[in-house]
Number of protein chains: 2
Amino acid sequence: MSRKRTIGTLSQDSGVHLETIRYYERIGLLPEPPRSASGYRYYDDTAAQRLRFIRRGRELGFGIAEIKTLLQLADHRNQPCREADQLAQAHLVEVEAKIADLMAMRDVLTQLIQCQSPTVEHCQLIETLEQRRCCSSSDGVHRE
Amino acid sequence: MSRKRTIGTLSQDSGVHLETIRYYERIGLLPEPPRSASGYRYYDDTAAQRLRFIRRGRELGFGIAEIKTLLQLADHRNQPCREADQLAQAHLVEVEAKIADLMAMRDVLTQLIQCQSPTVEHCQLIETLEQRRCCSSSDGVHRE
DNA sequence: CCTGAACCCTGTAGCCACTACGGAGTCAAG
DNA sequence: CTTGACTCCGTAGTGGCTACAGGGTTCAGG
């Protein structure tokens with residue numbers, strides 16, 4: 001038996017926000033589900049599984065476009081796995097770059113927080129922002 | 001002497017994109033500079049310094065609102081430094097949480113990339129997305 | 001059968017921190 | 001005086017949601 005759910009139930013089952021589910025449908029990530037006569041969406045187990053797939057992909061940090069690709073790959077099981085692997089590789093590189101950026105931030109912040117001054121006059125954080133170099137990464141701002 | 005620069009020159013000097021400088025002005029982060037008769041912006045050294053302050057704050061991952069606060073603190077040098085310190089502390093906590101999330105992603109991705117299967121049929125990445133739990137963080141998706 | 005709470009619908013606007021673009025005006029070198 | 005680089009403004013787009021407003025639907029209790 002393929003249980004039918006309303007969008008609210010699917011939302012609770014999957015841990016994906018109700019409005020996010022509608023958003024995924026709007027951008028073509030989730031297929032349009034069948035509707036009741038009055039227009040209510042009803043989801044079957046396949047839809048629920050697809051949504052879990054998406055959620056897990058997001059949890060791993062994949063973007064919507066990447067997840068779209070992964071879903072297509074999952075639908076064609078006899079295709080070579082190379083594309084999925086390359087996607088994951090490229091994503092891993094990005095994740096590692098972000099980690100490096102954040103760790104550089106963390107290190108500077110950790111130093112600055114040892115501030116003993118009672119006034120802003122000699123506050124290390126403010127002084128750093130005003131004068132000194134503080135971050136090794138050149139474009140850390142833009143890849144967030 | 002206080003060198004006057006056009007916005008393009010300031011952009012090059014500071015490493016902040018020209019349109020970003022106008023954006024900062026629009027949102028009240030940079031004060032409106034004096035203009036030429038025809039409306040061109042002209043920036044002095046003070047403006048350039050303020051912009052560098054902002055850029056460094058962004059490089060450390062502070063948000064616009066936080067930088068606004070930090071700028072105000074920097075302008076009142078006899079104030080206690082406690083607020084700046086608290087801001088930095090709170091920010092450090094966030095940065096550390098992001099690092100933890102990303103490292104969890106990295107670990108899972110690293111495992112999955114050892115995929116030997118020639119087809120998607122047994123691709124570890126796809127299988128993980130379809131079936132298994134993959135991420136320890138409960139809400140890692142939302143705090144990016 | 002009626003009421004009212006809890007659900008669902010659509011469409012639009014907001015979030016963050018930019019970035020990009022179009023169409024027009026300005027400036028300085030040759 | 002022309003040319004090309006600069007500047008202006010306003011608006012719209014990015015990603016990935018989230019939050020309304022203003023309605024319609026469903027169903028359990030009385």
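These numbers were taken from a predicted model, which means no experiment stands behind them. Reckoned from all heavy atoms, side chains included, excluding hydrogens, waters and symmetry mates. Chain naming here is simple, since letters A, B, ... match the order of the sequence lines and numbering starts at 1 in each.
What separates CD of A:Q12 from C1' of C:dC7 is a distance of 11 Å, to the nearest Å. Atom CD of A:E25 is separated from atom C1' of C:dC9 by 11 Å (rounded to the nearest Å). We find that OH of B:Y23 is positioned 17 Å from P of D:dA12, with the value rounded to whole Å. Taking atom CG on B:L29 and atom C1' on C:dA17, their separation rounds to 11 Å, with Å as the unit. Residue A:L30 contributes atom CG, which lies 15 Å from atom P of D:dG16 at whole-angstrom precision. Between the CZ atom of B:R55 and the C1' atom of C:dA17 there is a distance of 16 Å, given to the nearest Å. Atom CD1 in A:I21 sits about 17 Å away from atom P in D:dG16, given to the nearest Å.
The side-chain contact (heavy atoms from CB on, under 4.5 Å) test applied to B:Y40 returns B:S36, B:S38, B:Y42, not counting sequence neighbours. Taking A:D107 as the reference, nothing meets the side-chain contact (heavy atoms from CB on, under 4.5 Å) condition, with sequence neighbours excluded. Looking at residues two or more places apart in sequence or on another chain, you find no side-chain contact (heavy atoms from CB on, under 4.5 Å) involving B:Q12. Evaluation of the side chain to side chain donor-acceptor pair (under 3.5 Å) rule for B:T110 yields no partner, not counting sequence neighbours. Scored by the side chain to side chain donor-acceptor pair (under 3.5 Å) test, A:T69 finds no partners at all (sequence neighbours excluded). Under the side-chain contact (heavy atoms from CB on, under 4.5 Å) criterion, B:E96 pairs with A:R106, B:L92, not counting sequence neighbours.
Applying a 4.0 Å cut-off to non-hydrogen atoms, the residues of residues 63-70 of chain A that approach DNA chain D are A:G63, A:I64, listed by residue number.
The backbone N or O of A:G63 sits nowhere less than 3.5 Å from a side-chain atom of A:H91 that would complete a donor-acceptor pair. Between the side chain of A:R50 and the backbone N or O of A:L30, no donor-acceptor pair lies under 3.5 Å.
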Inset, instruction - Go along nucleotides 6-11 of chain D 5' to 3' and tag each nucleotide: B for a protein heavy atom under 4.0 Å from its base, S when only backbone or sugar atoms are that close, - otherwise. - result: BSSS--

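Regarding contacts with the backbone of D:dG16, every side-chain N or O of A:Y24 stays at 4.0 angstrom or more from both OP1 and OP2.
Listed by first then second residue, pairs satisfying salt bridge (Lys or Arg N to Asp or Glu O under 4.0 Å) with a partner in residues 20-35 of chain B read B:E19-B:R22, B:E25-B:R35, B:E25-B:R41, not counting sequence neighbours.
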